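It should be emphasised that the depicted structure is a prediction, and the values quoted were computed from it without experimental measurement. Counting starts at 1 for both ligands and their atoms, following the listed order.
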Amino acid sequence: MMKKDFLTIRDFSQDEILGTLELATEMKAHPQNYASVLKGKTLAMIFEKPSLRTRVTFDVGIHQLGGFSVSLLPMEISLGKRESIHDVAKNLERMVQAIMIRTFSHQIVVDMARFASIPIINGLTDYSHPCQALADFLTIQEVKGDLKGLKLCFVGDGNNVAHSLMFTGARLGTHVTIACPKGYGPSPVAFQYATEDAKETGARIEVVHDPFEGVKDADVIYTDVWASMGQESEVEARKAIFHTFQVNKQLMAKAKSGAIFMHCLPAHRGDEVTDEVIDSATSVVFQEAENRLHAQKAVMVQLMK
Ligand code: CP
Ligand code: NVA
């Protein structure tokens, strides 16, 4: 069912995404049944940016499936500088059974997938974060049930995480509203893709510039850091632009009653979200973080078995 690679949610049909969520749910309930499905297989993990969740969940995940991981940091392989992407791919395909990459330009994972005969998994690029979106929709399904017709409002920067949430909502029939300052919306091409995909499912994909308008009737309020990895020099400028987009108690009160709070983490408490919200009973952020493990185990089984 799955393709060779897991690069963006858009590469998969609704049935394939729902199938992966179903497998993740089954694997979460009965992990012992999958303890040796990837026996002796190795995952290389290339990190050009920092990580807590992605690193730990892929590492623990592959071990729980009977395999091993090798972690490669920027100073070790210096992708594209010490050695070309092509040559790294051609080496690694003879040594490991799949590669997970976290990097800057999305083109790097696309090129790697083209050059390598083994599966490539996107562990975050500047453009998208599909593993995160898979774990997020698994979490929403656990808490809310049927995903179709729910409304998710992403409050903040129209970034990689926002893109992947739009792509997944569009495929699964979940309405996605991005509430962002003017000039900080999703990339026009990502918005266009999501809008096209949404025609098939009836999902409403929209961008608004008033957070209070955005969260109206929302079942899920989602936020992320205002400055992503690679935008460190913009931190202060962005604080000034985004401060009215903070998810606080007042904003949560305008969502549908029973709405949950989500964040891919790491969170900058006091900026995009207050302690009061992230530590409240409506917050599912740590369940969401745990689900990275289960969602990615399902992806690895499908690609590497
Ligand atoms: N959410 C997420 O991808 O976390 P890390 O950056 O810590 O991997
Ligand atoms: N948008 C964030 C997500 C981190 C998981 C970033 O790219 O830094």
At what distance is the nearest protein heavy atom to atom 7 (O) of ligand 1, and which residue and atom is it?
Leu52 N, 2.6 Å
Considering both backbone and side-chain atoms of Pro266, is one of its nitrogen or oxygen atoms within less than 3.5 Å of a nitrogen or oxygen in ligand 1?
no
Enumerated ligand 2 atoms positioned under 4.0 Å from heavy atoms of Asn159:
1 (N)
Give the contacting part of Leu124 toward ligand 2: side chain, backbone, both or neither, where contact means a heavy-atom distance below 4.0 Å.
side chain
Would you say Leu265 and ligand 1 have an N/O pair spaced under 3.5 Å apart?
yes
Tell me which protein heavy atom sits closest to atom 5 (C) of ligand 2, plus the residue, atom name and distance to 0.1 Å.
Leu265 O, 3.6 Å
I'd like to know if Arg292 contacts ligand 1, where contact means a heavy-atom distance under 4.0 Å to any ligand atom.
yes
Side chains of His175 and Glu206: donor-acceptor distance under 3.5 Å anywhere?
no
Determine, considering heavy atoms only, which of Asp224, Val225, Thr54 sits nearest to atom 3 (C) of ligand 2.
Asp224
Are side-chain N/O atoms of Ser117 and Glu93 paired as donor and acceptor at under 3.5 Å?
yes
Of all the non-hydrogen atoms in the protein, which one sits nearest to atom 7 (O) of ligand 2, and at what distance?
Asn160 ND2, 2.9 Å
N or O pair under 3.5 Å between Leu124 and ligand 1
no
Does the pair Glu76/Arg82 count as a salt bridge with the N-to-O cut at 4.0 Å?
no
Heavy-atom side-chain contact between Ile62 and Met300 under 4.5 Å
yes
Ranked by distance from atom 6 (O) of ligand 1, the top protein heavy atom is Arg102 NH1, 2.7 Å
Just need the protein heavy atom nearest to atom 4 (O) of ligand 1, so name the residue and atom and give the distance.
Arg53 NE, 2.8 Å
When you compare the side chain of Glu290 with that of Thr57, does any pair of heavy atoms fall below 4.5 Å?
no
Do Arg269 and Thr274 get their side chains close enough for a donor-acceptor pair, meaning under 3.5 Å?
no
Short N or O distance, Lys49 and ligand 2, threshold 3.5 Å exclusive:
no
Enumerate the atoms of ligand 1 whose separation from the nearest heavy atom of His129 is less than 4.0 angstrom.
2 (C), 3 (O)
Do His129 and ligand 2 have an N or O pair less than 3.5 Å apart?
no
Within a strict 4.5 Å, meaning less than it, do heavy atoms of the Pro119 and Ile99 side chains meet?
no
Less than 4.5 Å apart, side chain to side chain, heavy atoms only: is that true for Asn122 and Tyr127?
no
For residues Thr201 and Arg171, report the shortest heavy-atom separation together with the two atoms involved.
CG2-O, 3.1 Å
Evaluate the side-chain proximity of Phe47 to Leu72: yes if any heavy-atom separation is below 4.5 Å, no if none is.
no
Tell me, please: is Arg55 in heavy-atom contact with ligand 1, that is, under 4.0 Å?
no
Any heavy atom of Gln132 under 4.0 Å from ligand 1? The part involved is side chain
Is there a side-chain contact (heavy atoms from CB on, under 4.5 Å) between Asp219 and Ile260 once you walk through the steps?
CA-CA 6 Å; Asp219 302 279; Ile260 55 170; over 6 Å; no
Any idea which protein heavy atom is nearest atom 8 (O) of ligand 2, and the distance to it?
Met229 N, 2.8 Å
